Amino acid sequence: MPVPGSGLAKGLAVTLRTMTRRSVTAQYPDVQPELAPRTRGVIGLFEENCTVCMLCARECPDWCIYIDSHKETVPAAVPGGRERSRNVLDRFAIDFALCMYCGICIEVCPFDALFWSPEFEYAETDIHELTHERDRLREWMWTVPEPPALDPAAEEPKEIAAARKTAEKLAAQQAKENTEEGDSA
Ligand code: SF4
Ligand code: SF4
């Protein structure tokens with residue numbers, strides 16, 4: 001059976017402990033908070049990578065990503081080749097009044113076009129102004145921290161390995177041509 005008055009004593013002990021602790025009130029906006037570099041502040045769009053695949057808009061649980069695009073015909077790269085069509089981005093906007101910062105859009109983007117930025121100062125006085133368009137989303141890309149350095153022992157990324165092999169092949173071809181020209185001169 002609890003001792004009468006023990007609850008009150010416990011409560012007073014908590015009050016005393018809290019009263020003697022240093023205040024942790026943040027003096028924002030006079031003092032900027034120290035945030036972790038990969039804080040989920042806002043979503044940046046690297047629109048050069050966006051292929052308008054619509055995956056992010058389809059997977060967003062809040063349906064708050066708005067994308068418009070049109071198709072464009074690209075002429076054949078070589079004579080007799082086939083024309084191709086590609087999607088051109090007309091509009092990319094995110095309604096941050098609806099966004100719940102789940103990060104699903106960033107996770108599912110297959111082309112690395114969406115990133116978390118630690119930027120958080122985009123409050124508005126009107127909720128309708130929380131829909132941000134591609135220009136603003138592109139600007140936030142400048143605040144995205146660099147990706148962590150690769151593990152030196154890790155396998156070379158496929159894209160870099162392929163680019164390096166092509167460059168080596170071209171250099172070897174060029175060297176061979178130079179040698180042949182030198183011999184014939
Ligand atoms: S973070 Fe989540 S809610 Fe916000 S836009 Fe991306 S998928 Fe939608
Ligand atoms: S998933 Fe990525 S590439 Fe596809 S529309 Fe969204 S941002 Fe663009």
Side-chain angles (χ1 to χ4, degrees), residues 24-29 31-78 81-152 154-167:
V24 288
T25 308
Q27 299 299 331
Y28 178 81
V31 179
Q32 288 288 316
E34 276 179 32
L35 299 173
R38 301 209 173 267
T39 300
R40 293 185 177 197
V42 76
I43 298 166
L45 168 72
F46 189 48
E47 65 176 68
E48 293 82 345
N49 277 3
C50 179
T51 60
V52 200
C53 70
M54 304 296 285
L55 213 55
C56 55
R58 279 207 303 267
E59 296 293 326
C60 173
D62 287 350
W63 293 88
C64 64
I65 302 180
Y66 311 120
I67 302 176
D68 289 335
S69 68
H70 67 272
K71 282 206 184 294
E72 205 175 71
T73 304
V74 182
V78 287
R82 268 200 314 183
E83 286 181 339
R84 287 183 306 117
S85 78
R86 69 178 184 107
N87 294 321
V88 180
L89 190 65
D90 292 325
R91 181 184 185 214
F92 194 111
I94 299 179
D95 184 352
F96 287 98
L98 291 177
C99 174
M100 59 179 181
Y101 301 85
C102 64
I104 290 175
C105 53
I106 296 172
E107 291 293 322
V108 299
C109 175
F111 300 102
D112 280 348
L114 295 171
F115 294 85
W116 281 119
S117 149
E119 176 61 46
F120 66 95
E121 293 179 304
Y122 52 97
E124 300 288 350
T125 48
D126 184 343
I127 199 166
H128 299 109
E129 286 169 18
L130 276 170
T131 299
H132 289 297
E133 300 289 332
R134 63 196 271 190
D135 294 350
R136 188 90 196 269
L137 301 180
R138 181 65 182 84
E139 263 174 40
W140 278 322
M141 271 311 294
W142 300 109
T143 61
V144 172
E146 276 186 26
L150 290 178
D151 181 343
E155 197 181 311
E156 192 174 24
K158 280 193 206 105
E159 299 84 350
I160 295 180
R164 188 178 45 73
K165 277 186 199 148
T166 310

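Scope of the values below: all heavy atoms of this structure, side chains included, with no hydrogens, waters or symmetry mates. Both ligands and their constituent atoms are indexed starting at 1 by order of listing. Remember, it's a predicted structure, so these values are computed and weren't measured experimentally.
The contact set between ligand 2 and Leu114, taken as ligand atoms under 4.0 Å from a residue heavy atom, comprises 7 (S). Those atoms of ligand 2 that come under 4.0 Å of a heavy atom in Met54, given as number and element, are 4 (Fe), 5 (S). Counting the atoms of ligand 1 from 1 in the order shown, those under 4.0 Å from a heavy atom of Cys105 are 1 (S), 5 (S), 6 (Fe), 7 (S). Interface of Thr51 with ligand 2, defined as ligand atoms under 4.0 Å from a residue heavy atom, comprises 3 (S). Within the listing of ligand 2, atoms 1 (S) sit less than 4.0 angstrom from a heavy atom of Pro110. Those atoms of ligand 1 with a heavy atom of Pro61 less than 4.0 angstrom away are 7 (S). Of all atoms in ligand 1, numbered sequentially from 1 with element shown, those under 4.0 Å from a heavy atom of Gly103 are 1 (S), 2 (Fe). Every atom of ligand 2 is numbered from 1 in the order shown, and the set under 4.0 Å from a heavy atom of Val52 is 5 (S). Short contacts between ligand 2 and Cys109, defined as distances under 4.0 Å to a heavy atom of the residue, involve ligand atoms 1 (S), 2 (Fe), 3 (S), 7 (S). Of all the atoms in ligand 1, the ones that sit under 4.0 Å from a non-hydrogen atom of Cys99 are 1 (S), 3 (S), 4 (Fe), 5 (S). Every atom of ligand 2 with a heavy atom of Phe111 under 4.0 Å away is listed here by number and element: 3 (S). Taking a cut-off of under 4.0 Å to the non-hydrogen atoms of Tyr101, the atoms of ligand 1 that pass are 1 (S), 4 (Fe). Using a 4.0 Å cut-off to heavy atoms of Met100, the atoms of ligand 1 that qualify are 3 (S), 4 (Fe). Atoms of ligand 2 found under 4.0 Å from any heavy atom of Phe92 (numbered from 1 in listed order, with element): 7 (S).
Contact detail for Ala93 and Leu137: the closest heavy-atom pair is CA-CD1, 4.3 Å. The minimum heavy-atom distance between Cys56 and Ile65, with the atom names listed, is O-CD1, 3.8 Å. When all heavy atoms are compared, the tightest approach of Trp140 to Gly44 is CB-CA, 4.1 Å. What you find for Thr51 and Phe111 is that their closest heavy atoms are OG1-CE1, 3.1 Å. The nearest pair of heavy atoms linking Pro61 to Met100 is CG-CE, 3.5 Å. Nearest heavy atom pair, residue Pro145 against residue Pro118, reads CD-CD, 3.9 Å.
Residue contacts to atom 2 (Fe) of ligand 1: Cys60 brings no N, O or S atom closer than 2.8 Å. Not a single N/O/S atom of Cys64, whether from backbone or side chain, sits less than 2.8 Å from atom 8 (Fe) of ligand 1.
Ranking the protein heavy atoms by distance from atom 6 (Fe) of ligand 2 puts Cys56 SG, 2.3 Å first. When hydrogens are left out, the protein atom nearest atom 4 (Fe) of ligand 2 is Cys53 SG, 2.3 Å; that is the closest non-hydrogen contact. Shortest contact from atom 2 (Fe) of ligand 1 to any protein heavy atom: Cys102 SG, 2.3 Å. Atom 8 (Fe) of ligand 2 has Cys50 SG, 2.4 Å as its closest protein atom, hydrogens excluded (heavy atom only).
Surrounding CD of Glu155 are at most 12 heavy atoms belonging to other residues, nucleotides or ligands under 6.0 Å away. Counting heavy atoms of neighbouring residues, nucleotides and ligands inside a 6.0 Å radius, atom CD1 of Ile127 does not exceed 12 of them.
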Open item on the list: side chain to side chain donor-acceptor pair (under 3.5 Å), that's the test. Do Glu129 and Tyr122 meet it? Break it down for me.
Closed with: CA-CA 10 Å; Glu129 286 169 18; Tyr122 52 97; over 6 Å; no

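At least one side-chain heavy atom of Met54 sits less than 4.5 Å from a side-chain heavy atom of Val52. Side chains of Val88 and Ser69 form no contact here, defined as non-hydrogen atoms less than 4.5 Å apart.
Residue-level proximity to ligand 2 for Ala57 is absent, since no heavy atom of it falls below 4.0 angstrom. Residue-level proximity to ligand 2 for Ala113 is carried by the side chain, the only part with a heavy atom below 4.0 angstrom. With a 4.0 Å heavy-atom cut-off, ligand 2 is reached by no atom of Ile65.
The backbone N or O of Tyr101 sits less than 3.5 Å from a side-chain atom of Arg40, completing a donor-acceptor pair. A distance-only check finds no donor-acceptor pair linking the side chain of Arg58 to the backbone of Trp63 [under 3.5 Å].
No side-chain donor from either of Glu133 and Tyr66 sits under 3.5 Å from a side-chain acceptor of the other.
In this structure, Ile43 is part of the shell of residues with a heavy atom less than 4.0 angstrom from ligand 1.
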